[in-house]
Every structure is written in C-alpha cells, then in structure tokens.
Amino acid sequence: MIRLEKVTKSYGVTVAVSELSLEVNQGEVCMLIGPSGCGKTTTLRMVNRLTEPTSGRIFVDGQDTAHVRPEQLRRSMGYAIQGVGLFPHMTVSKNIAVVPHLLSWEKERIAQRIEELLSLVGLNPAEYAGKYPGQLSGGEAQRIGVARALAADPPILLMDEPFGAVDPMTRERLQAQFLRIQRSLKKTVIMVTHDLDEAIRLADRIAIMEAGRLVQHDTPEAVLSRPRNKFVHDFVGTDRALKRLSRISVSGFVRQSPSISISASVEEAAAACVRRRWVWVVDENQRLRGWIDRDSLHEVASVRESIVATDPEVIAVAETATLREALSRMLGQGLRSVPVVDDRGRLLGEVTVTDVENATAAREA
Amino acid sequence: MAQRLLGRNNVALVGSVIGLSSLFFSWLTLRPNRLAAGTHISLWDSAGWAATAIIILWLACLVSSLSGWGKSGNRRAIYLGMTANIIVVVALVLVGLTATLLVGDQSPLLRVSLGAGFWITLAGAYIAIFAARERLRGRGAWRNAVSWTALAAFGIFLITGLLQNLSIWQEFSGRESRFLQELGQHLFLLGGSVATGVLLGIPLGIWAVRSKGAERPIFFIANITQTVPSLALFGFLIPPLSALSFAFPALRELGIRGVGTTPALIALTIYSLLPIVRNTYVGLRQVDPAAVDAGLGMGMSGFQIFRKIEAPLAAPLVLQGVRIASVQVVGLVAVAALIGAGGLGWFIFQGIGQAAPDLILLGAIPIIALALMVDAVMRAVVRLATPKGTGKESQ
C-alpha cells in the first residue's frame, strides 16, 4: 500500500533520513518510533509530501507520489498531529468538514458524515457539533482531530503523536478507542510516537529508527523477543516481559469475583468475607463502589461505613485495558487483584496477580 | 480589605474631587473685544440657582463614589453616571444662559469665553462617567444612557442656539464655510493616508512574516520613520518633491508640489505604516502553526490556508493596527497645516498667530472629537471582525 524506496532527506550537510526503505501493507498499523531527532516525523511528512525527499521514491498504491499533485495526494490521506491543529474560528463540524468540503461533497452528505464521525469517536453529535475548539478538553480535541482525519474516509491515515498532549488516563482511553475503530475500519496507518508502550499496544508492526536509519521493522512480539542489535535492545529496555503485557487485553482473563450490595447488612458482609479477606461492593445498578475488608467490619453499623477506596477510577480497569495496566494498578494500590468494569462502571469481575503471571509464563513458553 | 468593605470607587472619587475643585476657578471670561484682557466670572457671580445645583450634584457624586461599589454596584454606577451627565447638562445651560445675559444688546465685539472652571467640571464629569461605564459592561441600555445623554444634550443646545453667544461659537459662525472645508480636508488627509497605509502596510507585514531576509529591514525602516518628529518629516519632503515637480511639470499638473496635500499625504502614510505593518506581522505570527500544518496536511493550497485560516485569525489584530494608525493620524494631520495642507490644524495655527485661544479651540475640539469617533468606530469594526470561538466568550 505504502512503499518507501531508499528515501533520503538532507538539509545541507545534516542528513535527517538516510536511504530508508519501508513497506506498509494495506490495513496495517505501522508505528514509527525512535529517540527524538531520529527522523521519524520527517519520514511521515515525506509520505504526504509536506516534506519533499532529497532522493528516493515513495509509492502509494503502486503510484509514485512525485507524480501526484501534493494537494490531491494529501486529500486522499487523513492527517492528525500532536498539536491537533483544530481551526479555532471554526466549529467542530466545520473543522471535520474541511476535507469533504475541499472534495466538493454535497451538503447533506457532509452533515451526515459529521454525525457518523462524532458518534464513532464517542462524542454526542447534538452536543459537540456546534462547539468551538476553545470549549473542548484536551482529550475531546484529540478525538475531533482523529475524526477530522477520517472525514473523507481516506484509505490511509498519517498520525504524528496524535495522543501526545493528554494525561495518561485519557491517552489510555484514546488508544483503546483507536484500536476499536481500527478493528472495524482497517485503515493503513503510519503513526509516529516516542512512547514504546503505545507502539507495542497499537502496532501491527513497529519501525524503529535511529539517526535517520531504519534499524528494525518487525512485529511487536519479534521486536521484544529478538531485538536486532544493541540499540534496539537498549531502546526496548530490560522490562520486556512487562512490555509484552501491553499487548494482552484483560478481557480474556476476567474471572467471576464475589461482590455484595452496598445496602447489604453487616452480617451478610461478614458472611461474604469468610471465604476470602475482601469482597467488592456494588450499588443497585451493579456499579462498582469500592470494597470491604474482613478487618474493617468490626464495630460498624453498615457496609457503607466500612467501604474502602470508593473511586472506581483509581482502583478499577476497563475491559479494554491491558494486563500491564492491570498489573500497575495492583502494584500501585498494593492489591492482589483489580476489579474490571465496563464502560458504565459496572463490575464485570476481577483479574489477579496469578493471571498476570500465567499470561507471562504462557508467552515465554 | 477595608476598601472592599467600603466599596469605594477611586476613579469616581478622583472625578468628583476634580469636579468640586472647579468651584474655585472662573467659569467665564468677559472681554470687551477678542484680544483684550478680560474679567473673570466665577460660579458665584453667575446664576445662583445653577451654582447651588452644581455644588449639590458634585457633593452627591462624591458621596456616591465613597460606598456601595461592592458586588452589586450596578445601581450605584447608574446613579453616579447619570448624575455626572446632569452636571454637564446644567453646566452647559449655565454658561449658555449667562453668556446670553452678559452679551445682551452690548457691542458685537464683546466676547464671553469659557474659563478653567467649566473645563475642569467637564473633565471631572467625564472621569466619573468613565468610572460608571467601566462598571456597566454588559448592561447595554444603561451604559449607552450614561455615555451619550450629555453629548445628545450638547447637540440639541448647539442646534437650538443656546450656546451661540459663547466666543467659540462666534469664531465658528464667522468661518462656517471655511470650517466645513478644512474639516473635509482633514478627513481627506486622514482617509487618504490610512487607506494608502493599509494598501502598503498589509503586504509589507505579510512579506515580513514570509521572508526572514525582509523582516529586519522592514521593521528597521518602519521603526526609524516613527521616531522622526512629524514636523521634521514634513520639512524633509519639501526639497525632493519641489525638485521633482520642477523637473517634471506634468507632475505639477497632478498636484505634486513641495508643499500642500502631496507631502502631507506621504508623511502621514509613512506614520500610519508602522502600526499596520507590526500588527499584520503579529497577527499572522500568532496563528497556531499546528493549524497551518494541519491545513496543509489535509490538502489545502497555500492560498486556501491564507484565506480560510490565517486571514480570519489575523484580521482583528490587523484592524487594531488600522485603529491605532487612524487615531494617531487624526492628531498628526493638525501639523500638516504648517506645510499648507490645510485641515483643522489651520485654525490652531491661526489662533496661535492671533493669540486667540477660542480659535485654537475651534480647531482642537473637533480634532479630539474626531479622534474619539474614529476610535469608537474602529473598535466596533474590530469586534465585528473577531471570529466567533476566538473571542473571550469561549474561555
């Protein structure tokens, strides 16, 4: 789908990208990663000719991009960047409509597409279409940036750290959402990142760059288990087993766990705590409210009084989360298991340290 | 803390104190003719009812500026602002009636001119009105009432002839057609130079942003010209333009000469350039580079980026530059009268030459009024040109 052939970009004596060859197959997510200044952004920008290569050729769908008008080429590829770059004087819907507009789509078709895309990125069209970028949170703006890149349904997406400027919690959600969308849309994606965990989580294949050269281009598993040289080895780090957990979703490991209602009596709670030291507490809608501990049940009148850590945001993970997050949540909270909740905060079950260990062992074997 | 408890408004307080101090100055000067020394008339010498009214009104302003400006100070602002307006109206009626009384059927050479007391009360009242206006942001109807009531009354008094026995009016009535002619010339010089400044300045500002090599020389020249005293710049232009018109008589036919309108327009254009160039430059520079990059990456052409992204986002700042240039040029045009370009400055220099302060005021007051009007109009234009979503309402 996208093929770079011995592409070089130099600025005077400085060589930003040197004889880089790379092939990205249709429907594949290629994560470009490397230390800052390694030429990953330059490589991305050469694909849509925001930067012209000094030498070498780039093919999209078998066609040499040098022979395509840059504007036309770019309109056939979605483009999302770290600063998001939403136009502050245009509403969310106008922002999304930019490329369809450039392609002279009809009004109704554009309006329909805006609604589709906002729903796709999980924002209520009625609420968000008329807002200005200044009224959005960082995470919302990033989602609009992705929606805008997808607007004309381009087969190719180029993304330069699209989830860069948000807090870790929001980034995790955006990544999960990206995976969900990618699973259904099957775009050909080149994404630049400096975050190895992000690369491992999202990639079909990772392209690791060093000083303008492509060092290794492989699946995340291969990069983790068979680093080609010392640079990749050091870059991947010594916690490869831990990183591999980023590839594994918790959804396959959720197991039933005891829970009681927040309105239960202390006696019921004590009974529930006989077989294990703690149980999760849910409200009448099955939403997680915290947990109770056998020792905390002494001399209290109700479950509500003895409940611990009532913020599900802090203790629970989503079913879309990875085992790595589950593990870090356990270590952070000093627990041997974490509850798993669905997108409405309802308790689905739990994942334990033992599950994580087993998953690691299975991969090693 | 004590200030918050009291809810005092310091600006209004200053205005009220200034206003009260006007009672110690003469309000009118009576002269047997235009140039002779005159006798001063204080507030106490003129109509007693009006003097009492003004004192009471100013004391009311003073008291109301001392308290009640806490969280819900809107009512206090309306009260103070309207009182200040009433003061101006009463003062105008007072000087108008007194002047008519003094002139009576005496010699037509007799002159009654406004004294320091009147001007000080006017200044105090507008300081108080300013304080009230600041407080009434977002209260459209009352804000307008506070801003315009006294001015509207002034207009009515002008038309009805209440003020016709004041010496400024007498200076005007002898020169009505000349006044209109010079006002027209003033507006022509203003419009001509600012329009040329816009046509040259915006492209120069764009060029400075686009080209690193051009940026420094453009700002070097624009900054230097701004530091040349206006009088000197007018003077500098006389020799080359005289030489030109001498060498090419055809140019003289077009009106290009060392003195008069041409050098004035050139000099004023040069002065209007810096604010316009600078604001165009800053306006384009503050456009988020990520937005431009995103636009390019989505396949917008350079021209589309300029028209749809850069221009609308830079427009408010560019127009601010035009506003600054216009207000500045309104005042500078006055100096152009010295090189024979006319304009309202002509009255000022005539007044200086004849030692006739009223004639100076006949030139100066319309210039101030014009500057304030241009400022208000351009502010409204800037507001209209500010795209939604980038203004303060979104933050």
Side-chain angles (χ1 to χ4, degrees), chain A residues 41 44-45 47-51 68-92 94-103 130-136 141-142 144-146 148-152 154 156-162 164-165, chain B residues 138 202 205-206 209-213 279-322 379-395:
Chain A
T41 292
L44 183 83
R45 293 171 68 91
V47 175
N48 68 356
R49 291 184 64 189
L50 281 173
T51 303
V68 185
R69 248 183 65 226
E71 283 84 17
Q72 201 186 334
L73 180 74
R74 290 170 196 157
R75 286 171 200 174
S76 68
M77 302 179 179
Y79 183 61
I81 52 175
Q82 175 170 24
V84 190
L86 293 179
F87 305 139
H89 58 303
M90 295 184 190
T91 58
V92 163
K94 287 250 172 66
N95 265 288
I96 295 176
V98 168
V99 179
H101 206 82
L102 289 172
L103 297 172
K131 283 197 177 189
Y132 284 95
Q135 300 166 313
L136 302 174
Q142 302 263 13
I144 302 298
V146 172
R148 186 172 67 171
L150 289 168
I156 296 170
L157 275 183
L158 304 179
M159 307 173 103
D160 191 350
E161 305 204 27
Chain B
I202 292 180
I206 295 172
V209 173
R210 298 278 189 258
S211 146
K212 270 220 159 75
N279 277 42
T280 305
Y281 177 85
V282 174
L284 287 171
R285 265 290 149 94
Q286 49 97 48
V287 173
D288 182 4
V292 174
D293 187 54
L296 275 176
M298 287 190 292
M300 294 171 98
S301 68
F303 179 69
Q304 282 168 330
I305 299 242
F306 179 76
R307 194 168 59 89
K308 291 195 170 156
I309 301 170
E310 291 180 308
L313 289 174
L317 265 172
V318 176
L319 288 166
Q320 285 283 8
V322 177
R379 275 177 201 277
V381 172
V382 169
R383 246 195 322 278
L384 284 177
T386 305
K388 265 191 166 178
T390 60
K392 279 169 189 148
E393 85 276 6
S394 66
Q395 273 132 44

Contacts of type side chain to side chain contact (heavy atoms under 4.5 Å, CB included), residue A:T41, not counting sequence neighbours: A:R45, A:D160, A:V192
Side-chain polar contacts of residues 296-310 of chain B - donor-acceptor pairs under 3.5 angstrom, sequence neighbours left out - could you list them?
| from | atom 1 | to | atom 2 | distance (Å) |
| --- | --- | --- | --- | --- |
| B:S301 | OG | B:Q304 | N | 3.2 |
| B:S301 | OG | B:Q304 | OE1 | 3.3 |
| B:Q304 | OE1 | B:S301 | N | 2.8 |
| B:E310 | OE1 | B:R210 | NH2 | 3.0 |

Closest approach of B:A294 to A:G85 (non-hydrogen atoms, all atoms of both residues): CB-O, 3.6 Å
Min side-chain heavy-atom separation B:D293-A:Y79 under 4.5 Å: yes
Closest heavy-atom pair and its distance - B:A290, A:I81: O-CD1, 3.4 Å
Residue, of A:R69, A:H89, A:R148, that accumulates the most heavy atom pairs under 4.5 Å with chain B: A:H89
Contact origin within A:P70 toward chain B - heavy atom pairs under 4.5 Å: neither
Chain B interface, residue from A:L158, A:L102, A:N48 that has the most non-hydrogen pairs under 4.5 Å: A:L102
Under 4.5 Å from a heavy atom of chain B, the part of A:L86 involved: backbone
